[in-house]
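Remarks on the structure that follows.
Just so it is clear, the values below take in all heavy atoms, side chains as well, and ignore hydrogens, waters and symmetry mates.
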Amino acid sequence: MLTGIAHLEMRVRDLAACRSLYGEQLGLEELAYGDGLSMFAIGDSVLELHEDADAVTSLLPSGERKDPRDVPGSVGHFAFYTADNHEAFRVLKESLVSTQLVTPDGPSVQPMDHAYMQRSLLQVDDPDGYVLQIADLIDPREHLKGRLDEKRARASGSGPGLLQGFDHVQIVCSDVGAKRDFFGRKLGLEELSHRTETVPAVEGFEESVFAAGMTDLELTQSESTRRRQGGPGAVSALGFWTDDIARTYDELAQKGVAVGDPPSVRTPLPGMSRQAFALKGLEDLPLEIAQRI
């Protein structure tokens, strides 16, 4: 029913600075620009940047970083996929302002079992202090080979480029169990993993990981995130692709999902139309189902 991530929408305070970061420095192709909106291709998906003077920032007026628990938003972070993080590091050292690269010594390898799949990570600060990850999949375990091969195949099918899609999106939940039901039984996404332990250990940890095309949706909770305010934050909306939007709309309505108005043509910018409908179900984070036109 759902085949991948259609778009990830962000609210940003300085659109010009963000266009420079994502386009000139990270090398994404800008598909359209105008009226305070910029749209970039990232693999099979679109990154939408909306200029908003009141956008959520992770920075204090002094420029220092806020406590993450004081930064509202259900999406804790997201990561771009790259086939080679050492090559990405070489390129980014030349293109990025030095203070933007949070990992100045190169890729950091996650401990085994820290996440569903072991990754090598780079981290980059956007102009509002939001941490972007760049992920290279390095997990050697045999039981993950099928998923790893699928992600690599989908990434290579998106064409050349340093960054080839959304590797994962971390969504902070107050009730992972309820979200497992929503994403699994109602939206029909495949659950890749469910666990209550991570490395290093985290009090109250629970995580469920679902596949949305090549992207892993990591639904997590812990004691430290209980007071974090969910809903729209720096990432203000998330969209999924479908190949049959009318059928998807009917099936979700029959399952009791709170769907919005029937599918209609939406054109954020000229030449960027999609047929879509909205739904609600993730702690007030706007979700949309879309089909290409």
Side-chain angles (χ1 to χ4, degrees), residues 1-11 37 39 42-48 50 72-76 78 116 147 150 154 165-166 168-194 206-221 229-269 271-293:
M1 183 163 54
L2 305 183
T3 60
I5 299 298
H7 64 276
L8 185 148
E9 175 188 300
M10 296 187 75
R11 300 282 162 172
L37 169 61
M39 305 176 74
I42 174 65
D44 193 33
S45 310
V46 175
L47 176 65
E48 295 187 6
H50 297 251
S74 291
V75 176
F78 64 87
Y116 155 71
R147 177 59 177 164
E150 178 188 9
R154 285 177 176 266
F166 289 116
H168 66 273
V169 178
Q170 186 226 27
I171 300 171
V172 180
C173 305
S174 59
D175 185 348
V176 166
K179 295 304 173 284
R180 289 180 75 194
D181 178 74
F182 179 79
F183 282 95
R185 187 175 66 85
K186 293 184 177 179
L187 296 191
L189 298 178
E190 176 191 2
E191 186 175 47
L192 301 170
S193 169
H194 175 253
E206 185 175 1
E207 177 188 73
S208 180
V209 181
F210 287 88
M214 73 168 288
T215 306
D216 299 337
L217 298 181
E218 300 178 346
L219 315 179
T220 67
Q221 71 180 58
Q229 179 184 339
V235 175
S236 51
L238 191 64
F240 297 94
W241 287 127
T242 183
D243 292 331
D244 189 335
I245 196 162
R247 179 179 177 182
T248 299
Y249 182 85
D250 290 341
E251 287 186 3
L252 292 179
Q254 290 170 10
K255 290 180 178 180
V257 177
V259 294
D261 293 334
S264 61
V265 175
R266 304 183 182 188
T267 307
L269 286 173
M272 293 300 297
S273 296
R274 59 184 179 241
Q275 194 173 13
F277 66 90
L279 52 85
K280 186 176 180 180
L282 187 61
E283 296 172 347
D284 298 323
L285 177 66
L287 301 177
E288 184 178 275
I289 310 296
Q291 183 174 357
R292 298 172 181 83
I293 295 179

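- Evaluation of the side-chain contact (heavy atoms from CB on, under 4.5 Å) rule for R180 yields V176, E191, H194, S208, F210 as partners, not counting sequence neighbours.
- Listed by first then second residue, pairs satisfying salt bridge (Lys or Arg N to Asp or Glu O under 4.0 Å) with a partner in residues 252-265 number zero, not counting sequence neighbours.
- Formation of a donor-acceptor pair under 3.5 Å by the T242 side chain with backbone atoms of M1 is found in this model.
- Scanning all heavy atoms of the two residues, the minimum distance from F166 to V46 falls at CE1-O, 4.4 Å.
- Side-chain contact check for D44 versus M214: every heavy-atom pair is 4.5 Å or farther apart.
- When the side-chain contact (heavy atoms from CB on, under 4.5 Å) test is applied to P72, the partners found at least two apart in sequence or on another chain are V56, Q229.
- Looking at every heavy atom in both residues, T267 comes nearest to S273 through OG1-OG, 2.7 Å.
- No side-chain donor-acceptor contact under 3.5 Å links E288 to the backbone of F277.
- Put simply, CG on L8 and CD1 on I42 are 10.5 Å apart, with the number rounded to the nearest 0.5 Å.
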Passes side-chain contact (heavy atoms from CB on, under 4.5 Å), T248 versus Q291? Steps please. CA-CA 10 Å; T248 299; Q291 183 174 357; over 6 Å; no
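- Rounding to the nearest 0.5 angstrom, the gap separating the CZ atom in R274 from the CH2 atom in W241 is 6.5 Å.
- Here the closest heavy-atom approach between residue Y249 and residue G260 is recorded as OH-O, 2.9 Å.
- Note that CG of L219 and CD of Q170 are 9.5 Å apart. Values are rounded to the nearest 0.5 Å.
- Of all heavy-atom pairs between T3 and R154, the closest is O-NH1, 3.8 Å.
- In this structure, the side chains of H168 and Y116 stay at 4.5 Å or more apart for every pair of heavy atoms.
- Scanning all heavy atoms of the two residues, the minimum distance from L285 to A237 falls at CD1-N, 4.0 Å.
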> How far apart are the C-alpha atoms of L238 and V75, what are their side-chain angles, what is the distance that settles it, and do they pass the side-chain contact (heavy atoms from CB on, under 4.5 Å) test?
Replying inline: CA-CA 9 Å; L238 191 64; V75 176; 5.7 Å; no
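- Between I5 and F78 there is no side-chain heavy-atom pair separated by less than 4.5 Å.
- Between E48 and R266 there is no salt bridge, since none of the side-chain N atoms of the basic residue sits less than 4.0 Å from a carboxylate O of the acidic one.
- R292 CZ: more than 12 foreign heavy atoms inside a 6.0 Å radius.
- Between the CD1 atom in I289 and the CG atom in L279 there is a gap of 4.5 Å [rounded to 0.5 Å].
- Between S236 and P286, the shortest heavy-atom distance links the atoms O-CD, 3.1 Å.
- For the atom pair CE (M39) and CD (E9), the distance works out to 9.5 Å, reported to the nearest 0.5 Å.
- Distance check, rounded to the nearest 0.5 Å: SG of C173 to CD of E207 gives 10.0 Å.
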